> 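Sharing a structure below in structure tokens format, with a few things to ask.
Lettering follows sequence order; numbering is per chain, from 1. From a predicted model like this one, the values you see are computed outputs, not experimental measurements. Reckoned from all heavy atoms, side chains included, excluding hydrogens, waters and symmetry mates.
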Amino acid sequence: MTSPPSTTSGFSRGEPGLTETARLLRLGLTEASRPVDDVIERLHRRDGAEWMRQALSSGPLALNEPGLNPPSGTMPVAQLRNCKEACKTLLHHATEVDARQRAILNYFICVAAALIQHRQRICSKGRAELDPILLDLAEAAPAPWSDWLGSAALVAESV
Amino acid sequence: MHTWIGRRLTEGEAGRGDVNRHLMSVYAYPLEVYFRGTSDHWLGDPSDVVGGFFADRLARPNFLADWQSTGIRLRRWLMNAFCLYLKEAKRRHRRDTGHAELPDEPTTEAANVDRDMDRAFAQSLTREALSRTQQLCTEQGLEAHWGIFVRHYYEEAPYDEVGREYGVDPPRAAVMARTASRKFRQVMRDILMRDGAEEAEVDREIQELLEVTGA
């Protein structure tokens, strides 16, 4: 990463225009509480990376190299849909917080994989809802998952 | 006294200084806009008049405690107090010059002076939130996050362009901007709560400010 360009390194422009004000005011609005928020909080904990590795290696995607890396290659979209549905079932039957969080994490990994590998949105969430979820997961997730989820968020903006 | 302002006021001179800086930083511009919309602008340069108002009122020990007991938004309280201050200034002028024809009440020339002031408050709030977020990001070593946030959200530069400028790929730029935007959200909400809004009211406040910006 390079140093920030000097043109954007400070904010000393006086009052913003009304267009910029409106755009930035919207950022101040609360985003509705989401089930994924607990997962994001879990990932932010000190052992978040290890928890994620375990959650993915034992989840419906059953990633080969126990959750260390994002899925490489291409999985058929039907398989990703099946995995996503399996996550929903796990979530439905989960009685413990940890099991719920693992199911939710795996669910969004399936959704992100479909976006990256097929540019398809396999869940009912719209762009406005899905994009921040993937970015928040990306922010909390360890490398290389962080960039992978960030990529999925950018794809979600365009499909 | 459970608000940020209430707590600071119990912390002696240092706390009072923080409160005064906050008030002048967030509310000077809206009051100047209000002043320009009245027929009283002959009283002086807007920034001097507003500066005089703050110096006079903030020196009064109970000024902000009185506001807290009213439950109204601070910007409304300050506008009411400012109207009274202008009235006093005109009386002094009458007394000093012997001119009697000036009305007491500030006559507004702008059709929607409240709306203009709210609009100015929205701009001032946003500028202050940006400034504090920048400070926060700098303190936490997140200068690049801040820069990418400004380029994308303020200037609407796409992530691939911003990413090139900062030497990161677009997904990383998006994640970094998201980090700064979450800080910006919290800062903006904190400032609105200092204005008197309860946490549960902040979204409605923002929606109302969005309406006056014409968004």
> Where on A/A138 is there a heavy atom nearer than 4.5 Å to chain B: the side chain, the backbone, both, or neither?
both

> Any side-chain donor-acceptor pair under 3.5 Å between A/S146 and B/R172?
yes

> Quick one: what part of B/L125 sits under 4.5 Å from any heavy atom of chain A, side chain, backbone, both or neither?
side chain

> Would you say the side-chain atoms of B/D203 pair up with the backbone N or O of A/L29, donor to acceptor, closer than 3.5 Å?
no

> Looking only at heavy atoms, what is the nearest atom pair of A/L154 and B/Y159, with distance?
CD2-CD1, 3.6 Å

> Measure across B/P171 and A/G150 and return the closest heavy-atom pair with its distance rounded to 0.1 Å.
CB-C, 3.4 Å

> Among the options B/I206, B/V187, B/T133, B/L192, pick out the one with the most heavy-atom pairs lying under 4.5 Å from chain A.
B/I206

> Shortest non-hydrogen contact from A/G28 to B/M188?
CA-SD, 3.8 Å

> How far does CG of A/L25 sit from OG1 of B/T126, to the nearest 0.5 angstrom?
4.0 Å

> Within the side chain of B/R185, is there an N or O that forms a donor-acceptor pair under 3.5 Å with the backbone of A/T30?
no

> Do B/Q123 side-chain atoms and A/P16 backbone N/O form a donor-acceptor pair below 3.5 Å?
yes

> Is a salt bridge present between A/E15 and B/R127, judged by a nitrogen-to-oxygen distance below 4.0 Å?
yes

> Taking C-beta and beyond as the side chain, do B/Y153 and A/R26 meet within less than 4.5 Å on heavy atoms?
no

> Under a 4.5 Å heavy-atom cutoff, which of B/E156, B/Q186, B/R119, B/Q207 has the most pairs with chain A?
B/E156

> Between A/L27 and chain B, with a heavy-atom cut-off of 4.5 Å, which part of the residue counts as in contact: side chain, backbone, both or neither?
both

